[in-house]
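Taking it in order: structure first as structure tokens, then the write-up.
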Amino acid sequence: MSKKIFFTITCLLATLSFFTGCDKEEKTKTVVNSDVAITEEPQKGGNGIVNDPNKQLDFRKCADNVKQILLGDDYPPMDISIELPTEENNFFNVILISEERPETEEHFLWWINDCIVMLNEEAVKQMPDKYAPAGENYYGGLFDEYDIMVTATCNDDIMSKWPVDQMISAGSHDPLVLNESEFSIDDFNDIEL
């Protein structure tokens, strides 16, 4: 008799736990690596399988939207060129030239960083199932796939100094750094053509 009662209670508890567990979303998953179990939050976006395999990222739309923002009132007047990846060159090439010299050269880093993050945001808007959003020390999923070359200066320094002149390899998410070197037009006179 006691086995029958124990069995009935066990079945009721199992049924109850099944029905209460169905209403909850799975918020974490456990990954077991060797002898270590790690609980992770599920990730949204980020180089996953695209729902529509025929969908392509519109690079031109991304670049045009970013340029429109950078040419707005929140940024000083500047010329911006965003060259897009091609079959031959798998990288973005961003060139930013401000009309006036900023208070500090760090401004160039901020503007370039904003440009990189905004390019990724535009990619996420178009293909959220493929590209992860940017985060701290992470430019976003677009730059897991593409290199980016960034250069920046002001009109007065075009012939002598480019405070930002850096190539960031896909997936590296290297921090932006200032270029301290200067050059002179005389440096180019020694080049034989």
Side-chain angles (χ1 to χ4, degrees), residues 24-29 31 38-100 102 104-154 162-179:
K24 296 180 183 177
E25 246 181 59
E26 184 180 336
K27 294 184 180 175
T28 60
K29 68 178 181 177
V31 178
I38 303 167
T39 302
E40 299 176 333
E41 292 290 326
Q43 295 188 359
K44 297 177 182 172
N47 298 328
I49 297 171
V50 181
N51 291 335
D52 180 0
N54 296 321
K55 186 173 184 178
Q56 297 288 323
L57 181 62
D58 185 344
F59 291 124
R60 177 55 44 210
K61 183 177 179 181
C62 291
D64 289 346
N65 289 346
V66 170
K67 285 170 76 172
Q68 185 177 11
I69 294 168
L70 289 172
L71 295 174
D73 295 334
D74 293 336
Y75 295 90
M78 61 179 75
D79 291 323
I80 303 161
S81 170
I82 302 175
E83 295 177 28
L84 306 172
T86 63
E87 289 182 13
E88 296 82 28
N89 300 316
N90 192 38
F91 65 91
F92 285 86
N93 185 9
V94 176
I95 303 169
L96 186 148
I97 303 171
S98 63
E99 288 184 11
E100 296 180 7
T104 66
E105 290 181 344
E106 281 78 18
H107 283 81
F108 291 119
L109 297 178
W110 300 334
W111 300 333
I112 290 289
N113 186 71
D114 287 354
C115 180
I116 294 171
V117 169
M118 285 188 279
L119 279 168
N120 187 72
E121 285 175 1
E122 291 297 322
V124 171
K125 285 179 191 175
Q126 290 183 39
M127 301 179 81
D129 51 343
K130 182 171 184 183
Y131 297 110
E136 189 174 341
N137 301 320
Y138 181 66
Y139 298 119
L142 182 64
F143 300 105
D144 284 334
E145 188 173 338
Y146 295 97
D147 298 341
I148 185 165
M149 180 180 285
V150 290
T151 51
T153 192
C154 65
W162 287 75
V164 178
D165 184 10
Q166 185 175 352
M167 179 72 143
I168 301 170
S169 299
S172 71
H173 304 278
D174 293 333
L176 293 167
V177 294
L178 287 173
N179 177 25

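Fair warning: this is a prediction, and the values are worked out from it, not measured in the lab.
Looking at Leu96 and Phe108, their side chains come closer than 4.5 Å, going by heavy atoms from C-beta outward. Between Phe143 and Tyr138, every side-chain heavy-atom pair lies at or beyond the 4.5 Å cut-off. Contact check for Met127 versus Gln56: no side-chain heavy atoms found under the 4.5 Å cut-off. A 4.5 Å side-chain heavy-atom check between Ile148 and Ile116 finds at least one atom pair inside the cut-off.
Between the OG atom in Ser98 and the NE2 atom in His107 there is a gap of 10.0 Å [rounded to 0.5 Å]. With rounding to the nearest 0.5 Å, the separation of CE in Met167 from CG in Asp174 is 11.5 Å. Summarising the geometry, atom CG belonging to Asp79 is positioned 12.0 Å from atom SG belonging to Cys154; distances are rounded to the nearest 0.5 Å. Distance NE2/His173 to CD/Glu136: 14.0 Å, rounded to 0.5 Å. Taken to the nearest 0.5 Å, the CD1 atom of Ile82 stands 10.0 Å off from the CG atom of Asn93. Here the CD-CG distance, from Glu122 to Asp64, works out to 10.0 Å after rounding to the nearest 0.5 Å.
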Just list the side-chain donor-acceptor pairs under 3.5 Å for residues 66-77, sequence neighbours left out, or say none.
from: Tyr75; atom 1: OH; to: Asp114; atom 2: OD2; distance (Å): 2.6

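Nearest heavy-atom pair across Val117 and Ala134 is CG1-CB, 4.0 Å. For the pair Leu142 and Leu119, the tightest heavy-atom approach, listed with the atom from each and the gap, is CD2-O, 3.8 Å. Between Cys62 and Leu57, the shortest heavy-atom contact is SG-CD1, 4.0 Å.
A side-chain contact (heavy atoms from CB on, under 4.5 Å) with Asp165 is found for one member of Leu178, Thr153, Thr151, Val177 and no other, namely Thr151.
Remark: the backbone N or O of Val164 is not paired with any side-chain donor or acceptor of Asn179 at under 3.5 angstrom. At distances below 3.5 Å, not a single donor-acceptor pair connects side-chain atoms of Asn89 with backbone N or O atoms of Phe91. Side-chain N or O atoms of Ser169 include none that pairs as donor or acceptor with a backbone N or O of Ser172 at under 3.5 Å.
Among residues two or more places apart in sequence or in another chain, the salt bridge (Lys or Arg N to Asp or Glu O under 4.0 Å) test is passed with Glu121 by none.
Residues Asp144 and Tyr139 bring no donor and acceptor atom of their side chains to less than 3.5 Å of each other. Residues Gln126 and Tyr131 bring no donor and acceptor atom of their side chains to less than 3.5 Å of each other.
The aromatic rings of Tyr146 and Phe59 sit perpendicular, their planes meeting at an angle over 60°, well past the 30° parallel limit.
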### Query
Which is it for Ile112 and Val94 under the side-chain contact (heavy atoms from CB on, under 4.5 Å) test, yes or no, and what are the steps along the way?
CA-CA 8 Å; Ile112 290 289; Val94 176; 4.1 Å; yes
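Around the CD atom of Glu100, the shell of radius 6.0 Å holds no more than 12 heavy atoms that belong to other residues, nucleotides or ligands.
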